[in-house]
Amino acid sequence: MIKREKNLWQGVDSSAQTALGTRDYAMQSLAQELSERGLDAGELAATGQNRAEINEAWIPGVEIFSRKIHPQRHRGSFGEFVRRDEGILAQIGFWPKQWSAARMFAQTAKGFHIHPPSIPEDATAVDWLRRLFVDEPDNYSLRRYDDEQWDVMFFLQGRAEMILCDVRAGFPRRIMRFFVDGDNHRSSNNVGIVVPPGVAHAIRAEGSEDVMMVYGTSTSFHPEFEGRIASEIETAELPESWQKFLSP
């Protein structure tokens, strides 16, 4: 390696030197990568919540599970979403009441938005949520799927970044950022994602390709179950000159 000069940027104009910065390429812990830069969904699906380093950043109730996409030569591909009596959804006792589809144009985003947790009348929010996800996390019969919206999401086309933020009462603020591939990009990042109520979520299309997704919800759609956060990103504003022309 060539020995570095004492003044590495002496050949650059001084005004430009003040604007310079260097990017940090050092790897962080997996927990930091998950909450700050983002990880591949396939890595999370393979790791699950068993690795202690990931567990400290994992949002309780979130599930990420692998899907197998099969190529069908000269025709396309085939991939299952989920079977009612097998896999993660069977394990946690969640089967959607409604299925929907959405398309996101390239370079657009959805969210953030959030669905409210349902709290029994004889319990406080903090105590109930702690019982549900900390004290008895495997007692899935406690979950109130009929009274709150849980989501399970699948991506058919494109590549997307998903960002989750836990804002439930009494829980530490945890953030998960990860990248998902649609079925047309066969990889370990072909996954399904379960998002519990109380966890804010947003999706951002990656690259120059539209994103198509299918998602199931534990309840039929209720507008009051959807709280929008910083949703101006979803609105394509008219140019200022157009707004001025249209104003009375």
Side-chain angles (χ1 to χ4, degrees), residues 29-36 38-67 81-97 111-154 162-178 180 188-189 191-203 215-219 225-227:
S29 69
L30 283 179
Q32 288 177 301
E33 292 285 336
L34 177 58
S35 62
E36 296 175 15
L39 293 173
D40 282 346
E43 184 173 0
L44 298 176
T47 304
Q49 301 178 54
N50 298 322
R51 188 183 297 184
E53 190 176 11
I54 286 288
N55 194 43
E56 70 181 59
W58 197 285
I59 296 174
V62 170
E63 306 284 354
I64 301 176
F65 54 94
S66 297
R67 297 176 56 234
F81 290 144
V82 66
R83 301 185 182 190
R84 186 184 63 182
D85 300 322
E86 299 177 22
I88 291 295
L89 295 197
Q91 177 184 329
I92 67 176
F94 164 32
W95 190 251
K97 283 190 171 65
F112 278 91
H113 65 275
I114 187 171
H115 310 298
S118 175
I119 310 300
E121 292 184 0
D122 60 349
T124 67
V126 171
D127 289 345
W128 173 252
L129 293 171
R130 180 173 180 83
R131 179 186 178 191
L132 207 60
F133 295 104
V134 179
D135 298 335
E136 301 180 51
D138 298 328
N139 188 355
Y140 304 116
S141 64
L142 291 175
R143 296 185 176 181
R144 299 165 66 86
Y145 292 126
D146 291 337
D147 302 311
E148 57 189 14
Q149 182 174 320
W150 288 66
D151 296 335
V152 57
M153 302 179 180
F154 307 96
M162 195 158 187
I163 308 175
L164 310 180
C165 182
D166 195 350
V167 292
R168 288 172 290 191
F171 277 48
R173 192 179 183 86
R174 292 177 174 174
I175 298 170
M176 295 176 67
R177 299 180 62 170
F178 51 91
V180 185
S188 61
N189 294 327
V191 300
I193 304 113
V194 175
V195 181
V199 176
H201 44 291
I203 302 168
Y215 59 98
T217 54
S218 59
T219 63
F225 278 10
E226 186 174 65

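Model, not experiment: these values are computed from the prediction. Computed over heavy atoms, backbone and side chain alike; hydrogens, waters and symmetry mates excluded.
Side chain of Arg174 to backbone of Glu56: a donor-acceptor contact under 3.5 angstrom is found. Judged purely by atom type and a 3.5 angstrom limit, Ser218 uses its side chain to pair as donor or acceptor with the backbone of Trp150. In this structure, the side chain of His115 does not engage the main chain of Gln149 through any donor-acceptor pair within 3.5 Å. With hydrogens and angles ignored, the 3.5 Å screen pairs no side-chain donor or acceptor of Thr219 with any backbone N or O of Asp147. Side chain of Glu33 to main chain of Leu39: no donor-acceptor pair is present (N/O by atom type, distance under 3.5 Å, no hydrogens or angles). The backbone N or O of Val62 lies less than 3.5 Å from a partner atom in the side chain of Trp58, making a donor-acceptor pair.
Shown here for Val191 and Ala41, the closest heavy-atom pair between the two residues is CG2-CB, 3.7 Å. Nearest heavy atoms, Val199 versus Leu164: CG1-CB, 3.9 Å. The two atoms that bring Arg168 and Pro196 nearest to each other are NH1-CG, 4.0 Å, heavy atoms only. Nearest heavy-atom pair, Arg83 versus Trp95, reported as atom, atom and distance to 0.1 Å: C-CZ3, 3.9 Å. Across all non-hydrogen atoms, the minimal contact from Leu129 to Pro117 is CD2-CB, 4.1 Å. In plain terms, the two heavy atoms of Pro96 and Val152 that are nearest each other are CG-CG1, 3.9 Å.
Rounded to the nearest 0.5 Å, atoms CG (Asp146) and NZ (Lys97) are 3.5 Å apart. Atoms CZ and CZ, on Phe133 and Arg143 in that order, are 5.0 Å from each other to the nearest 0.5 Å. Put simply, OG on Ser118 and CD on Glu148 are 5.5 Å apart, with the number rounded to the nearest 0.5 Å. Residue Cys165 holds its SG atom at 6.5 Å from CD1 of Ile59, rounded to the nearest 0.5 Å. Distance check: Ser35 OG to Ile163 CD1 gives 11.5 Å after rounding to the nearest 0.5 Å. Trp128 contributes atom CH2, which lies 11.5 Å from atom CG of Asp135 (distance to the nearest 0.5 angstrom).
At least one side-chain heavy atom of Met153 sits less than 4.5 Å from a side-chain heavy atom of His201. The shortest side-chain heavy-atom distance between Ile203 and Val180 does not fall under the 4.5 Å cut-off. Under the 4.5 Å side-chain criterion, counting only non-hydrogen atoms from C-beta, Thr217 is not in contact with Phe225. With a 4.5 Å cut-off on side-chain heavy atoms, Leu142 and Tyr140 do not count as touching.
For CZ of Arg130, the number of neighbouring non-hydrogen atoms (other residues, nucleotides, ligands) closer than 6.0 Å is 12 at most.
Ion pairing between Arg173 and Asp166 fails under the 4.0 Å rule for side-chain N and carboxylate O.
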Exercise for review: Kindly determine whether Ile64 and Phe178 satisfy side chain to side chain contact (heavy atoms under 4.5 Å, CB included), including the steps that lead there.
Suggested key: CA-CA 10 Å; Ile64 301 176; Phe178 51 91; 4.0 Å; yes

**Study point:** Derivation and outcome, side chain to side chain contact (heavy atoms under 4.5 Å, CB included), residues Ile175 and Glu36
**Key:** CA-CA 8 Å; Ile175 298 170; Glu36 296 175 15; over 6 Å; no

Practice item. Go through the steps for Leu30 and Gln32 under the test side chain to side chain contact (heavy atoms under 4.5 Å, CB included), then give the verdict. Key: CA-CA 5 Å; Leu30 283 179; Gln32 288 177 301; over 6 Å; no

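Between Tyr145 and Phe94, the ring planes are parallel. Angles under 30° get that label, and only those over 60° would be called perpendicular.
Under the side chain to side chain contact (heavy atoms under 4.5 Å, CB included) test applied with Leu44, the options Asn189, Leu34, Ile193 reduce to a single match, Leu34.
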